[in-house]
Amino acid sequence: NLLKAAVAAAQEELDVALENDDYAGATRDALAQAIADYTDPEFHTVAEYNAAIAHLEQLQKAMQARRANINNYTTSLQTVIEAVENATGTKYEALECYAKAAELVAKYAEVQARDLDDEELATCVAEIKLNGALLNNMVTDIVPNLLTKQIAQLAAQIIALDADSTQTGI
């Protein structure tokens, strides 16, 4: 029976979600309620069974996404905090990505992932990952390498000018 298989799959997801209190909240509660509702339903039409299966699958995917975002939240937040700390007091404070990263740190540093709803959590994790990585790359890779490349190009041009001036007697 397809509904029993959907209930079993949803129950597996719920069992994983019950192992960690950080996963508590409306998403987990909705999944638990749907499992209870659909374990021995009194449906009379195929459409009702199909709707129940679709609902279980949707809630299961929502719980999987929430768990993934909660798991990524702490690591991503720590990355952006470190990037802001490394850039604070340096020329990198002038970067647009520094301002955005610092804003995210101020907003989320004291917030627990479990306290965010699914939509805000997903948006927050995406923004924190993006801005933390961007600022970190600017500080450790992009700007220093760009400056090194520009200095090398300028030195080559000066050497070329010196060579031209000695050949022309200037």
Side-chain angles (χ1 to χ4, degrees), residues 1-88 92-143:
N1 180 317
L2 293 176
L3 181 57
K4 287 186 194 257
V7 168
Q11 184 62 55
E12 285 180 29
E13 180 59 35
L14 180 61
D15 291 344
V16 172
L18 288 169
E19 292 174 5
N20 186 334
D21 286 340
D22 285 345
Y23 303 143
T27 305
R28 189 171 78 179
D29 294 346
L31 181 61
Q33 185 60 53
I35 291 167
D37 291 347
Y38 300 139
T39 297
D40 288 313
E42 302 239 354
F43 294 146
H44 301 290
T45 67
V46 173
E48 289 175 308
Y49 281 98
N50 288 338
I53 292 167
H55 188 225
L56 283 167
E57 289 172 350
Q58 180 254 333
L59 290 171
Q60 182 181 351
K61 287 178 183 171
M63 190 69 240
Q64 289 169 340
R66 180 163 182 78
R67 283 190 311 105
N69 283 326
I70 286 172
N71 294 342
N72 286 322
Y73 180 83
T74 303
T75 305
S76 300
L77 185 59
Q78 189 57 44
T79 298
V80 78
I81 288 170
E82 289 172 7
V84 168
E85 287 173 352
N86 290 338
T88 300
Y92 301 109
E93 281 186 336
L95 296 172
E96 185 178 322
C97 62
Y98 173 84
K100 181 63 178 171
E103 175 187 318
L104 290 167
V105 168
K107 184 174 181 179
Y108 292 110
E110 300 300 320
V111 175
Q112 297 297 313
R114 68 177 168 263
D115 297 332
L116 301 172
D117 66 36
D118 291 352
E119 186 177 336
E120 184 177 7
L121 179 62
T123 301
C124 162
V125 168
E127 286 184 8
I128 287 173
K129 282 176 101 171
L130 172 70
N131 288 284
L134 180 59
L135 181 58
N136 195 38
N137 286 340
M138 292 295 276
V139 171
T140 61
D141 188 35
I142 295 171
V143 173

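Heavy-atom basis, side chains included; hydrogens, waters and symmetry copies ignored. For this chain, numbers begin at 1 and follow the sequence in order.
Between the CG atom of Asn72 and the CG atom of Leu77 there is a distance of 12.0 Å, given to the nearest 0.5 Å. Interatomic distance, CG of Asn137 versus SG of Cys97, reported as 9.5 Å (0.5 Å rounding). The structure places CG of Asn131 at 9.5 Å from CD of Glu96, a figure rounded to the nearest 0.5 Å. Note that CG of Leu59 is 6.0 Å distant from CG of Leu31, once rounded to the nearest 0.5 Å. Distance check: Asn50 CG to Thr45 OG1 gives 8.5 Å after rounding to the nearest 0.5 Å. Note that CD of Gln112 is 10.5 Å distant from CD1 of Ile70, once rounded to the nearest 0.5 Å.
Remark: Gln58 CD is packed, more than 12 non-hydrogen atoms of other residues, nucleotides or ligands lying under 6.0 Å away.
Pairs of residues two or more places apart, or lying in two chains, never qualify as salt bridge (Lys or Arg N to Asp or Glu O under 4.0 Å) while including a residue from residues 27-55. Sorted by first and then second residue, the salt bridge (Lys or Arg N to Asp or Glu O under 4.0 Å) pairs involving residues 62-71 (not counting sequence neighbours) are Glu13-Arg67, Arg66-Asp118. Applying the ring-ring contact (aromatic ring centres under 6.0 Å, His included) definition to pairs two or more places apart or across chains, those involving residues 50-77 are Tyr38-His55. For residues 99-114, the set of pairs meeting the salt bridge (Lys or Arg N to Asp or Glu O under 4.0 Å) definition, not counting sequence neighbours, comprises Asp22-Arg114, Lys100-Glu103, Lys100-Glu127.
Pairing each heavy atom of Ala109 with each of Ile81, the nearest pair is CB-CD1, 4.5 Å. For the residue pair Gly132 and Val80, the shortest heavy atom distance occurs at CA-CG2, 3.6 Å. Across all non-hydrogen atoms, the minimal contact from Pro41 to Leu3 is CG-CD2, 3.5 Å. For Thr39 against Val7, the heavy-atom pair with the smallest separation is OG1-CG1, 4.1 Å.
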Residue pair Gln60, Leu56: steps toward the side chain to side chain contact (heavy atoms under 4.5 Å, CB included) verdict: CA-CA 6 Å; Gln60 182 181 351; Leu56 283 167; 6.0 Å; no
Evaluate the criterion ring-ring contact (aromatic ring centres under 6.0 Å, His included) for residue pair Tyr49 and Phe43; output intermediate values, then yes/no. CA-CA 7 Å; Tyr49 281 98; Phe43 294 146; 5.1 Å; yes
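Between Val111 and Leu116, the closest side-chain pair of non-hydrogen atoms falls below 4.5 Å. In this structure the side chain of Met63 never reaches within 4.5 angstrom of the side chain of Leu14, judged on heavy atoms. Side chains of Asp117 and Leu121 form no contact here, defined as non-hydrogen atoms less than 4.5 Å apart.
In this view, Thr75 satisfies the side chain to side chain donor-acceptor pair (under 3.5 Å) rule with no residue, not counting sequence neighbours. In this structure Asn1 satisfies the side chain to side chain donor-acceptor pair (under 3.5 Å) test with no other residue, sequence neighbours excluded.
For the residue pair Asn71/Tyr23, the side-chain donor-acceptor check at 3.5 Å is satisfied.
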